[in-house]
2 protein chains.
Amino acid sequence: MNELNTYREKIVNAGLKVTNQRVLILSILEHISHPSADDILQEFRNRNRNVSIGTVYNTLEAFVEKRLIRKLETEGGVVRYELTPDSHFHLYSREDERVEDYFDDELLALIRDHIESKGIKDFTVDEIRLQFIGSFTDK
Amino acid sequence: MNELNTYREKIVNAGLKVTNQRVLILSILEHISHPSADDILQEFRNRNRNVSIGTVYNTLEAFVEKRLIRKLETEGGVVRYELTPDSHFHLYSREDERVEDYFDDELLALIRDHIESKGIKDFTVDEIRLQFIGSFTDK
DNA sequence: ATTGCTGCAAACTCTTTGCAAGTTC
DNA sequence: GAACTTGCAAAGAGTTTGCAGCAAT
């Protein structure tokens, strides 16, 4: 229950009205990794809860605007979402749709320092995104 | 004319048949920055040359498979393409659809070295992609 | 001659939008 | 009760596919 209140808080703090759909969408974003809008719709069905696909998109878009979550663009052309992360990067498989998080604060600091000391002409950096494309060697 | 022959060569070397459409598409990729499929179609029209949108997509997909070009996923959901680059990064505007190249070999080396020395568990890196999201301060 | 490519149109997928009814604050 | 949100359905944008005819090797 405590968890649910955290979601409500986040939504209130973002200046949005709290609805069941929004709380559940936030919750799903916490429990499924990088879901697409359709993944979220399916998860509502799995839990016997109702939502329309339009609402899912509307809500996700509202969350993105409020910076509660962010979009990931993928090779497959489907947009995926994730809770706004403590900085991390992404590993993309060349072979399939797999996406994994990769945490490396050291690397992030390295890039940040480099950019800060050097600067980019005519550009102010707001966010750093880094992806590694390659092959997963586990399983 | 020499330029055109270079395009033909690239296509032959990729094991694809040389057609006027393909040569022109390669040429457009060289002269327009990060075009979408539709940008390419428009450019054919500008030059009074004919192509169908299906062919544009087929060709781009063939080129991507042969690694002649690569896809860029953008916030807007439209896929853009570019000639397979000497490594560089991308600057994305938070406000509009603008995308610029950013060259920084030093930074690339930094990231590469870091990854090589440290390694990523269960993952082999094939390609590094880095984007900076922020604001253009020129103009 | 064989294989691959083009053009066209139809189909598909993902996402957005308009609006009436319902909810939240 | 004012403002916002939902659900639904329809529309829109971008991309993919099937196939007959044509072109490249």
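On a predicted model such as this, the values are computed, not experimentally measured, just so you know. Letters A, B, ... are given to chains in the order of the sequence lines, protein chains preceding strands, and every chain is numbered from 1.
Following rounding to the nearest Å, B:L24 (CG) and C:dT6 (C1') show an atom-to-atom distance of 14 Å. Here C:dT13 presents its C1' atom at 14 Å from CG of A:D39, a figure rounded to the nearest Å. If you measure from atom CZ of B:F63 to atom P of C:dG4, you get 16 Å, rounded to the nearest angstrom.
Within the structure, every side-chain polar atom (N or O) of B:S52 is placed at least 4.0 Å from both OP1 and OP2 of C:dA9.
Qualifying side-chain contact (heavy atoms from CB on, under 4.5 Å) partners for B:E127, counting only residues two or more places apart in sequence or in other chains: A:R94, A:I133, B:R70, B:R129. Qualifying side chain to side chain donor-acceptor pair (under 3.5 Å) partners for A:K71, counting only residues two or more places apart in sequence or in other chains: none. By the side-chain contact (heavy atoms from CB on, under 4.5 Å) test, B:V12 is found to be paired with B:V18, residues two or more places apart in sequence or in another chain being considered. With sequence neighbours excluded, no residue forms a ring pair (Phe, Tyr, Trp, His ring centres under 6.0 Å) with A:Y57. Residues passing the side chain to side chain donor-acceptor pair (under 3.5 Å) test with A:E73, sequence neighbours excluded: none. With sequence neighbours excluded, no residue forms a ring pair (Phe, Tyr, Trp, His ring centres under 6.0 Å) with A:F89. Every side-chain contact (heavy atoms from CB on, under 4.5 Å) that A:A14 has, sequence neighbours left out, goes to A:L16, A:K66, A:L68. Among residues two or more places apart in sequence or in another chain, the side-chain contact (heavy atoms from CB on, under 4.5 Å) test is passed with B:E100 by B:L91, B:R98, B:F136.
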Next item on the list: Could you encode protein contacts along nucleotides 15-25 of chain C as a string, one character per nucleotide from 5' to 3', using B for base contact, S for sugar-phosphate-only contact and - for no contact, with a heavy-atom cut-off of under 4.0 Å?
Entry: BBB------BS
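Residue pairs that meet the salt bridge (charged side-chain N to carboxylate O under 4.0 Å, His left out) test with at least one member in residues 16-29 of chain A, sequence neighbours left out, do not exist here.
Along DNA chain D, the stretch of nucleotides lying under 4.0 Å from any heavy atom of chain B spans, 5' to 3', D:dG14 to D:dT25.
Taking the six-membered ring where tryptophan is involved, the planes of B:Y102 and B:F132 are perpendicular, since the angle between them exceeds 60° and thus also 30°.
Direction change of the helix axis from one end of the helix from C:dA1-D:dT25 to C:dC25-D:dG1 to the other is 50°, with five pairs defining each end axis (rounded to 10°).
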